[in-house]
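Excluded from the calculations below are hydrogen atoms, water molecules and symmetry mates; all remaining heavy atoms, backbone and side chain alike, are included. Letters A, B, ... are given to chains in the order of the sequence lines, protein chains preceding strands, and every chain is numbered from 1.
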Amino acid sequence: MAEQFEPRIVAFLCKWCSSAGSDLAGVSRMQYPPNVIPITVMCSGSVSPLYIFDAFNKGADGVLVSGCHPGDCHYIKGNYYARRRIAIVKKLLDFIGLEPERFQMSWVSAAEGKKYTQIISDFVEELKPLGPQTKLRRNI
Amino acid sequence: MVNVEDLRKEAKRILKEGKVKYVIGYERGQNGLMPKPAFIKDPEDVDRLIWNPTCVHNLTKFLVDEKKRKAGEKKPDERPVGIVVKGCDSRAIIVLLQEKYINREDVHILGISCEQTGVIDEKKLANKLKGKKAENIELDEKGNFVISVQGGTIKVPAEELLAERCLECRANYPVVYDLLLGDKTKKKVEEPFKSLEKMESLSEKERWAFWTEQLAKCIRCYACRSVCPMCYCDECVVDTINFAVTADTTASEKAGKIKWVEKSPVPSENFVYHMVRAMHLAGRCIDCGECERVCPLDIPLRFLNKKLEKEAKELFGYDAGFDPDEPSLVSSFKDEDPEDFIR
């Protein structure tokens, strides 16, 4: 039997909400795909577009940026900056010709463990038919 | 009509009165038609200044150089610099002012309106000339460019010779100036993002094929970075060097020397470089088209910047380079910013 493609997702989770949300999913023993590599950042607003390009460059099949819901940011307005910046990155990646499904953003609060598992499962399901991401992967 | 004598007179006046250190403008190049940047210190030299539709360069880059030079001097000359700008170049000054990179009193702006036309595209001109050597180029009253070549003249409708960006220009006269030459009538541009339409109508696969073909050509000469008035960082993210990590390398040293991009000009690294450049110019690029003009491999770099300019306008209603007091695109937000893409 041919081995099924398992996408690798790099998830930038903000320390105050999304990372705690993923923690909740863990301690509550919720089942979700193990395809995600979480990277905790201090705020979704601290995610430089370069992190995203670099993740794709190092071979990520999908990248997720997740932060607090609008109004909930620990730093008051970091997620609003992120929202603007990520919208532009998304348009740019789309313009370059990368599949738009490969790059996602979400709001996950510290109480939304369930939502976090849902987002990851949906993301993995969407990435599976696309196959490995080879477009931006480093090739020297 | 712009009378170049007025420009020379004003340049002479400010130089004589010692109001400015020097004047940056255009002068005739040694190599035929295309001009070159001129730096005029002596009031007697102002006759070297010219103005015609071949003055394509964005001279504001020299303001950035001037600032860097001044920072290295012990007793810098604090007088402003005179600079000749077109509409697009003046918007570059606005962005530099907005970012507080330069101060308004550091620069004496001699603004020239492109009126209803703009500047020519060298490549389009070369196609029209078919190997002949142009000596002069002028605009007649019917909106045609009259090119004098050896043994005659060639008449070409303006649209066929104008640079792409001039056909989509939204500021044909300077936004900020100390002296304005020429008309201040707004040019009617119905479709400011027309050149993008063809790209956007392509499928995702075709777009990818297009950009792979284009960016694979890139030799990473960084001419686009060097010529860009907005690329003024002292240390660029793509310039990271090989860094030997030893036992006593501190964590902060390692963190400051991350090698994000390999130097090899291979497609995957070129993509990172050009995407980073596009992101850094989002909401700052004023579409002077210099990156595309200097590219030795004819990569249509303008598309990347134009695309983000369009998105900034459509998603956030942001127009770069019109208001120096407005916060910049990525350092501001609105409550009603779109979030339909967020789960």
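When all heavy atoms of B:Val330 and A:Tyr81 are compared, the closest pair comes out as O-CD2, 3.8 Å. Annotation for A:Leu93 and B:Met275: closest pair CD2-SD, 3.8 Å, computed over non-hydrogen atoms. Taking all atoms of both residues into account, the shortest heavy-atom contact from B:Glu204 to A:Lys135 is OE2-NZ, 4.5 Å. Contact record, A:Ala87 with B:Phe316: CB-CZ, 4.0 Å, taken as the closest heavy-atom pair. Residue B:Ser268 comes nearest to A:Leu136 through the heavy atom pair CB-O, 4.1 Å, listed as atom of the first residue, atom of the second, then distance.
Contact of A:Val65 with chain B is not made at all, since no heavy-atom distance falls under 4.5 Å. In this structure, chain B has no heavy atom under 4.5 Å from any part of A:Gln118. Contacts of B:Trp211 with chain A are made by side-chain atoms alone, with heavy-atom separations under 4.5 Å and no backbone atom involved. Both the backbone and the side chain of B:Val276 come within contact range of chain A, judged by heavy atoms closer than 4.5 Å. For A:Lys77, the parts lying near chain B are the backbone and the side chain together; criterion is any non-hydrogen pair under 4.5 Å. Looking at A:Arg84, the atoms closer than 4.5 Å to chain B (heavy atoms on both sides) sit in the backbone and in the side chain alike. Proximity to chain A (any heavy atom under 4.5 Å) is shown, for B:Leu202, by neither the backbone nor the side chain. Contact annotation for B:Lys334: both backbone and side-chain heavy atoms come within less than 4.5 Å of a heavy atom of chain A. Contact of B:Pro338 with chain A is made through the backbone alone, with heavy-atom distances under 4.5 Å. There is no contact between B:Ser203 and chain A, counting heavy-atom distances below 4.5 Å.
Interface remark: of the candidates A:Gly45, A:Pro100, A:Gly97, A:Ser48, A:Gly97 forms the most heavy-atom pairs closer than 4.5 Å to chain B. For the set A:Lys58, A:Arg137, A:Glu99, the count of heavy-atom pairs under 4.5 angstrom toward chain B peaks at A:Glu99.
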Determine, step by step, whether A:Ile86 and B:Ile342 satisfy the side-chain contact (heavy atoms from CB on, under 4.5 Å) criterion, reporting the C-alpha distance in whole Å, the side-chain angles of both residues, the deciding distance to 0.1 Å, and the verdict.
-> CA-CA 10 Å; A:Ile86 300 298; B:Ile342 300 173; over 6 Å; no

In sequence, state the C-alpha distance, the side-chain angles, and the governing distance for B:Val272 and A:Asp54, and then conclude on side-chain contact (heavy atoms from CB on, under 4.5 Å).
-> CA-CA 7 Å; B:Val272 177; A:Asp54 205 58; 5.6 Å; no

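By the neighbour-count criterion of 12 heavy atoms within 6.0 Å, atom NZ of B:Lys194 is sparsely surrounded, having that number or fewer from other residues, nucleotides or ligands. More than 12 heavy atoms of other residues, nucleotides or ligands lie within 6.0 Å of CD in B:Glu197, so this atom counts as buried by the packing criterion. When the shell of 6.0 Å around CD of B:Glu235 is examined, it contains 12 or fewer heavy atoms from other residues, nucleotides or ligands. Heavy atoms of other residues, nucleotides or ligands lying less than 6.0 angstrom from NZ of B:Lys124 number more than 12. Residue-environment remark: CZ (A:Arg8) stays at or below the threshold of 12 foreign heavy atoms within 6.0 Å.
When atom types are taken as modelled, the side chain of B:Arg207 and the backbone of A:Asp94 share a donor-acceptor pair closer than 3.5 angstrom.
A distance of 9.5 Å separates CG of A:Leu92 from NZ of B:Lys307, quoted to the nearest 0.5 Å. To the nearest 0.5 Å, atoms CZ (A:Arg85) and CE (B:Met279) are separated by 7.5 Å. The CZ atom of A:Phe103 lies 8.0 Å from the CZ atom of B:Phe341; values are rounded to the nearest 0.5 Å. Between A:Lys90 atom NZ and B:Leu315 atom CG the span is 12.0 Å, to the nearest 0.5 Å. Note: A:Phe95 CZ to B:Trp208 CH2 = 13.5 Å, rounded to the nearest 0.5 Å. Here CD of B:Glu314 is found 8.0 Å from NZ of A:Lys91. Values are rounded to the nearest 0.5 Å.
The closest side-chain heavy-atom distance from B:Leu329 to A:Ile88 is below 4.5 Å.
Note on ring orientation: taking the six-membered ring where Trp is involved, the planes of A:Tyr80 and B:Phe333 are parallel (angle under 30°, cut-offs 30° and 60°).
Between B:Arg343 and A:Glu126 there is a salt bridge, since at least one side-chain N of the basic residue sits less than 4.0 Å from a carboxylate O of the acidic one.
Side-chain atoms of B:Glu269 and A:Asn139 include no donor-acceptor pair closer than 3.5 Å.
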